[in-house]
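Structure, as structure tokens:
All values derive from a computational prediction rather than experimental measurement. Below, chain A is the first sequence line, B the second, and so on; all start at residue 1.
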2 protein chains.
Amino acid sequence: MSSAPSFKRLPRAVREQQMLDAAVKVFSRRGFHAASMDEIAEDAGISKPMVYAYLGTKEELFVACLHREGTRMTEAIAGAAAPELPADERLWRGLRAFFGFVGAHRDGWAVLYRQARGEQPFAGELAAMRARLVEVVAGMLDHALRAEGREIAGTELEVVAYALVGASESLADWLADHPEADPERTATRMMNVAWLGADQLLNGVTWRPPAG
Amino acid sequence: MSSAPSFKRLPRAVREQQMLDAAVKVFSRRGFHAASMDEIAEDAGISKPMVYAYLGTKEELFVACLHREGTRMTEAIAGAAAPELPADERLWRGLRAFFGFVGAHRDGWAVLYRQARGEQPFAGELAAMRARLVEVVAGMLDHALRAEGREIAGTELEVVAYALVGASESLADWLADHPEADPERTATRMMNVAWLGADQLLNGVTWRPPAG
DNA sequence: GCGTAACCTTACGCACGAGTAGGTATGCTC
DNA sequence: GAGCATACCTACTCGTGCGTAAGGTTACGC
């Protein structure tokens with residue numbers, strides 16, 4: 001009424017981002033199925049048919065969220081962990097970028113890893129993203145190994161990488177649930193667990209189950 | 001008609017277990033929301049009102065699944081990791097029990113960790129269970145530390161425990177998705193990552209971020 | 001052998017939410 | 001300032017699936 005024209009006409013690109021913002025927010029709070037297109041539309045300050053016109057069905061909308069958040073995250077990590085750095089430096093920067101991202105985009109993280117994992121149609125999409133991450137970590141470990149003239153079987157390496165990625169995801173959840181926690185500090189803690197364990201492994205130290 | 005009375009009347013306790021079996025199966029395949037009470041009833045070989053009569057609403061049914069699977073798992077682990085054993089032995093037996101359980105109850109695992117995590121009403125329930133696990137692991141680490149006359153701040157310890165639990169969960173997912181994989185072998189791999197890293201930490205070795 | 005309680009069914013009400021039909025307003029181009 | 005494309009809305013349809021009402025049937029105590 002007074003000054004602000006509460007309903008301005010906006011170009012498509014802008015509205016799409018607003019919708020995605022709202023969708024990420026609502027999906028993260030309610031979960032895929034419990035989230036309603038009406039609530040998303042309302043939260044975006046727009047009516048429902050607009051959402052359908054721009055982003056398509058509910059599934060397509062969720063995939064769009066997944067893609068945007070996933071791309072942001074992988075780019076943040078890839079941008080930080082330059083391949084020419086030594087392995088521990090790379091790992092450290094990657095972890096710092098990762099936890100920094102989660103700390104700054106808690107909703108996005110929730111959508112990516114808490115929702116997509118459970119819902120059948122999207123699990124594959126998410127698994128592919130995670131697989132790329134695992135591959136990167138495995139590559140780092142392999143690189144470090146070869147630099148020392150050592151070697152480990154591919155599967156073995158992959159499983160170790162998987163464990164490290166899993167540990168990071170778990171700490172990311174912890175971070176998302178503790179708003180007061182510091183991402184940088186969390187990254188340091190993860191680095192401790194990951195690097196010390198990995199370092200041992202790289203140096204040929206292995207644990208063996210007791211006989212019997 | 002002929003010989004097998006396909007619809008035998010069964011006592012409540014038996015039917016309830018059949019219903020829970022069916023529910024775990026359907027929930028794990030479809031996810032909480034996509035699963036329908038009709039399908040669960042049909043899969044249990046019973047009609048829908050019986051499910052409501054015995055286990056209550058859909059939410060209550062899911063909680064019942066969560067409880068049964070969760071109890072089975074924690075008991076399996078607790079039974080294996082006796083407190084009087086040395087720390088590494090305890091960790092090893094706990095991990096072996098854990099991966100053994102996941103390998104044998106893939107559906108239950110899917111319900112517990114892939115579904116419950118995302119759905120709002122149950123996330124708390126699940127978080128509580130995981131918190132108990134983290135506490136146990138943290139307790140083990142603390143015990144091992146004190147035996148060597150060392151000490152670490154409580155939060156620090158908890159975060160390390162959290163990371164280890166997360167890594168285990170992640171490998172459990174990997175195991176659930178690779179039916180050909182051996183639980184025992186997976187446990188060994190996890191033990192390698194966990195114990196070597198933890199051992200370093202316990203011995204006072206820490207990684208520090210580079211200056212700047 | 002008969003009542004009664006527990007087991008089990010078919011068949012429905014009802015709410016909620018995905019997706020759409022059809023129409024209005026606003027800015028942009030010439 | 002006419003015409004057109006694009007942004008945007010209100011108000012619906014319709015499927016799906018939770019939860020229930022009301023009534024059949026089998027076992028078991030006495």
Side-chain angles (χ1 to χ4, degrees), chain A residues 1 4-66 115 118-122, chain B residues 1-23 25-65 115 118-122:
Chain A
M1 292 297 155
S6 55
F7 277 105
K8 191 90 194 277
R9 275 168 99 87
L10 292 174
R12 176 170 184 151
V14 176
R15 271 279 134 85
E16 278 183 347
Q17 290 308 311
Q18 290 180 350
M19 290 176 188
L20 286 175
D21 290 342
V24 166
K25 191 167 141 194
V26 175
F27 280 137
S28 76
R29 259 213 302 274
R30 307 245 191 255
F32 175 73
H33 275 280
S36 82
M37 293 296 268
D38 291 278
E39 184 178 356
I40 291 171
E42 185 184 343
D43 198 291
I46 216 72
S47 75
K48 194 167 51 158
M50 288 306 299
V51 182
Y52 280 89
Y54 283 176
L55 279 324
T57 76
K58 194 181 182 185
E59 288 207 353
E60 289 167 343
L61 174 60
F62 190 85
V63 169
C65 292
L66 215 57
Q115 302 302 328
E119 310 290 342
Q120 271 311 326
F122 317 114
Chain B
M1 293 286 161
S2 51
S3 57
S6 56
F7 278 104
K8 192 96 196 269
R9 278 167 99 85
L10 292 174
R12 176 168 185 151
V14 176
R15 275 282 192 254
E16 277 183 347
Q17 290 308 311
Q18 290 180 350
M19 290 176 188
L20 286 176
D21 289 342
K25 191 167 141 194
V26 175
F27 279 138
S28 75
R29 258 214 302 274
R30 307 245 188 255
F32 174 73
H33 275 280
S36 83
M37 293 297 268
D38 291 277
E39 185 178 355
I40 292 172
E42 184 185 331
D43 198 290
I46 215 75
S47 75
K48 194 167 52 160
M50 286 308 300
V51 182
Y52 281 90
Y54 283 174
L55 279 324
T57 76
K58 193 181 182 185
E59 289 208 353
E60 289 167 342
L61 174 59
F62 191 85
V63 170
C65 292
Q115 302 303 327
E119 311 289 344
Q120 271 311 325
F122 317 115

Between [N] ([atom2]) and [X] ([atom1]): distance, integer Å:
X: A:F32; N: C:dG17; atom1: CZ; atom2: P; value: 13 Å
X: A:E16; N: D:dC8; atom1: CD; atom2: P; value: 11 Å
X: B:M50; N: D:dT26; atom1: CE; atom2: P; value: 15 Å
X: A:L55; N: C:dG19; atom1: CG; atom2: P; value: 13 Å
X: A:L61; N: C:dG17; atom1: CG; atom2: P; value: 16 Å
X: A:D38; N: D:dC9; atom1: CG; atom2: C1'; value: 14 Å
X: A:Y52; N: D:dC9; atom1: OH; atom2: C1'; value: 16 Å
X: B:F27; N: D:dG17; atom1: CZ; atom2: P; value: 13 Å

So what does [X] touch, heavy atoms closer than 4.0 Å: a base, only the sugar-phosphate, or nothing?
X: A:M37; answer: sugar-phosphate
X: A:A35; answer: sugar-phosphate
X: A:S47; answer: base

Does any donor-acceptor pair link the side chain of A:K58 with the base of C:dG19 at a separation under 3.5 Å?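 No such pair is found, so the answer is no.
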Please determine whether a side-chain nitrogen or oxygen atom of A:R15 lies at a distance below 4.0 Å from atom OP1 or OP2 of D:dT6.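 Indeed not, no polar side-chain atom of A:R15 lies that close.
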Side-chain N or O of A:Y54 less than 4.0 angstrom from OP1 or OP2 on D:dA7?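 Indeed, a polar side-chain atom of A:Y54 lies that close.
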Does any part of the side chain of [Y], heavy atoms only, come nearer than 4.5 Å to the side chain of [X], both counted from C-beta?
X: A:E119; Y: B:H33; value: no
X: B:L61; Y: B:K58; value: no
X: B:K25; Y: B:D21; value: no
X: A:V14; Y: A:Q18; value: yes

Which residue, B:K48 or B:A13, contacts DNA chain C at a nucleotide closer to its 5' end, judged by nearest heavy atom?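 Nearest nucleotide further toward 5': that of B:A13.
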Reading DNA chain C from 5' onward, which residue's closest nucleotide shows up sooner: B:P49 or B:R12?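 Nearer the 5' end of the strand: B:R12.
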For B:Y54 and B:M19, work out which heavy atoms get closest and say how close.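 For B:Y54 and B:M19, the tightest heavy-atom pair comes out as CD1-CE, 3.5 Å.
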Selection from C:dT9, D:dC8, D:dC18 that lies nearest to any side-chain heavy atom of A:I46: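 Nucleotide nearest to A:I46's side chain: D:dC8.
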